[in-house]
Undergrad: 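Sending over a structure as structure tokens; questions will come in a sec.
Side chains are part of it too, since the values below use all heavy atoms of this structure and drop only hydrogens, waters and symmetry mates.
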Amino acid sequence: MAKERKAFSNLMKAIERGEFVYTGELEPHRSIDLSDVKDWATTLKNTGKIVAANVTDNPRSDSAISSLVAAYLIQRDVGLETIYQLRTADRNRLALLSDILGAAALGLKNILALTGDHTKIGTTPAAKPVFDLDGTQLVALIHSLVYEGKDLDGNEIHGPKPEINVGVAGNPNMDPLEAEVLKLERKAEVGADFVQTQVVFDVEIARKYLRAVEHIGIPVLIGIFPPRSYGQASFFDKYVPGVTVPKEFIEAFKKFNEIEDKARRKEKINEYNVEYFVNFIKEVKKEKACAGIHIMAVGYPDVIGPIIEGVEK
Amino acid sequence: MIITREKPIEEILSYIEPYKKILVVGCDGCVQPPRGLREAEKLASMIEMAKKAKGQEVEVAATTVTRQCCIEGLRNQLKVDGYDALVSMACGIGVQVLTMVFPELPTFPAQNTVFIGYEEKREGNMYEACVACGDCMLGYTGGICPVARCAKGLMNGPCGGCVDGKCEVEVEIRDWKGEVVEVVKNDCAWYLIFNRLKQIGRLDLYRMYRPPKNWALATGPRRL
């Protein structure tokens with residue numbers, strides 16, 4: 001069912017070797033200063049376990065520095081492979097093609113092809129939304145550039161073809177799940193190399209999804225988000241579309257919130273996150289479709305090392 | 001039908017400030033809610049009262065035509081001799097055709113043209129459902145248009161913003177004055193499409209990949 005796939009990036013090569021991979025997430029701001037993001041990237045790199053990290057593109061439609069530029073600078077200066085997030089919300093097919101070729105010329109090897117949140121929900125709601133292509137069509141465009149050396153209108157690109165692996169977003173929280181599974185079949189058909197999912201807290205939801213998409217034969221990275229506070233945990237539960245946080249998880253964080261000593265509170269939260277997610281990962285790792293874990297600990301990179309060590313113990 | 005909303009009277013008055021003899025032209029065509037003779041007369045009397053209250057000399061008359069979007073019809077039906085300005089009760093097309101047919105007079109809009117849509121019932125809620133994209137895909141989508149009814153116009157939805165069958169984008173329901181009366185989330189078009197195609201046993205149509213749309217067909221100004 002899936003189209004021709006080659007491994008160009010360290011991420012895809014590791015998946016092909018059968019390694020269980022870990023990826024991270026970096027969120028550059030509306031700023032030309034990337035120093036804190038590079039510090040986080042350095043922490044991710046120093047775990048020695050994160051093979052690549054996403055660099056977000058106007059997440060939640062909040063405007064930020066170009067993800068192409070940030071992905072390039074992080075990869076160059078930190079030496080951590082990046083997964084360049086590219087959303088169709090803000091660019092038409094000409095601009096997308098320009099950016100894909102630009103990314104390849106800069107040595108980026110992964111693109112996460114996203115439709116993106118609607119512009120109306122972010123910092124700039126009066127913007128004219130683009131959505132000339134959707135995420136699936138962006139996959140088709142990238143696949144065509146990489147394997148045919150042509151855009152979707154058949155226009156040839158000059159010189160070498162770009163060498164890029166393309167990932168897509170998956171949503172295990174979708175109800176009905178059948179609508180999501182058929183959609184992923186569609187994305188694999190046009191050339192998606194890997195899937196990275198929306199945040200999952202509930203191991204049963206992850207398991208159900210992994211089994212439902214196993215027949216597609218596409219490697220799945222399950223998304224997790226260890227929260228650093230009670231506020232963050234309940235934010236996910238209440239406000240992030242489709243994400244539910246198990247009751248005992250929320251209750252535990254509510255108790256930690258009552259600890260007055262900051263250092264002690266942080267320690268308890270770290271301990272809980274490590275224990276919870278180590279168990280979570282050990283369970284989902286048993287599923288054939290699960291190729292790894294995407295850890296979205298934005299601004300909380302120090303929890304990542306201990307989680308991965310815990311799984312590997 | 002084409003849905004229009006009345007412009008604020010202050011805006012209309014600001015357009016016609018310099019003019020003394022004004023003709024308000026209704027339209028008996030597809031525009032909804034009705035913008036015919038009765039509505040034209042109502043606007044004419046509002047203009048007259050407002051201008052007279054300011055001590056301005058004014059004569060305002062009202063009339064209507066079968067359709068403001070037909071050049072020939074306008075030439076046959078409408079007499080504008082003796083007027084200084086026209087005010088159109090029709091959609092944006094009517095304003096432009098009046099301008100073409102009577103270039104000697106300024107024509108001003110009395111309406112904001114909102115969308116092409118349908119209504120629940122007479123004077124009920126109205127819903128946008130067609131953007132005249134020029135390449136109808138309703139045959140593949142269970143008779144539900146993702147171009148008009150998905151906030152992102154996705155060809156291969158639903159997106160991750162679909163929760164409990166609702167869209168992630170909040171929509172303001174406005175009254176005829178343009179005031180927000182309620183903020184709601186629309187049904188996710190792709191959720192409706194999935195359920196409809198499942199209901200008629202055609203999930204193959206949902207599963208298929210739809211290539212990028214040819215927006216050149218919808219790029220204006222178009223001609224037939």
Undergrad: Which bit of A:T136 comes within less than 4.5 Å of chain B, counting heavy atoms only: side chain, backbone, both or neither?
TA: both
Undergrad: Classify the angle between the aromatic ring planes of B:Y127 and B:Y118 as parallel (below 30°), tilted (30 to 60°) or perpendicular (above 60°).
TA: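 B:Y127 and B:Y118: parallel rings.
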Undergrad: Please check if the number of heavy atoms outside B:E104 that lie under 6.0 Å from its CD is greater than 12.
TA: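 Buried by this count: over 12 neighbours within 6.0 Å.
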Undergrad: Is the shortest distance from a Lys or Arg side-chain nitrogen in A:E204 or A:R207 to a carboxylate oxygen in the other one below 4.0 Å?
TA: yes
Undergrad: Between A:A179 and chain B, which part of the residue has a heavy atom less than 4.5 Å away: side chain, backbone, both or neither?
TA: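 Both backbone and side chain of A:A179 come within 4.5 Å of chain B.
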Undergrad: Measure centre to centre between the rings of B:F108 and B:Y19, then say whether the value is under 6.0 Å.
TA: yes
Undergrad: Cation-pi check for A:F194 against A:R5: NZ or CZ below 6.0 Å from the six-membered ring centre and within 45 degrees of the axis, yes or no?
TA: no
Undergrad: Do NZ/NE/NH1/NH2 and the carboxylate oxygens of B:R35 and B:E6 come within less than 4.0 Å?
TA: yes
Undergrad: Applying side-chain contact (heavy atoms from CB on, under 4.5 Å), name anything that partners A:D62, two or more places apart in sequence or on another chain.
TA: A:R60, A:T123
Undergrad: Checking heavy atoms, do the side chain of A:N92, its backbone, both or neither come under 4.5 Å from chain B?
TA: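 No part of A:N92 comes within 4.5 Å of chain B.
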Undergrad: Could you please state which residues from residues 181-200 of chain B sit under 4.5 angstrom from chain A, measuring non-hydrogen atom to non-hydrogen atom, sorted by number, or 'none'?
TA: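 The list, in residue order, reads B:Y191, B:F194, B:K198.
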Undergrad: Can you list the steps and then say if A:R211 with A:E214 is a salt bridge (charged side-chain N to carboxylate O under 4.0 Å, His left out)?
TA: CA-CA 5 Å; A:R211 289 181 185 171; A:E214 192 183 308; over 6 Å; no
Undergrad: With a 4.5 angstrom heavy-atom cut-off, which part of B:P211 approaches chain A: side chain, backbone, both or neither?
TA: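 Looking at B:P211, just its backbone touches chain A.
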Undergrad: Non-hydrogen atoms of chain B under 4.5 Å away: do they reach the side chain of A:D117, the backbone, both or neither?
TA: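 Both backbone and side chain of A:D117 come within 4.5 Å of chain B.
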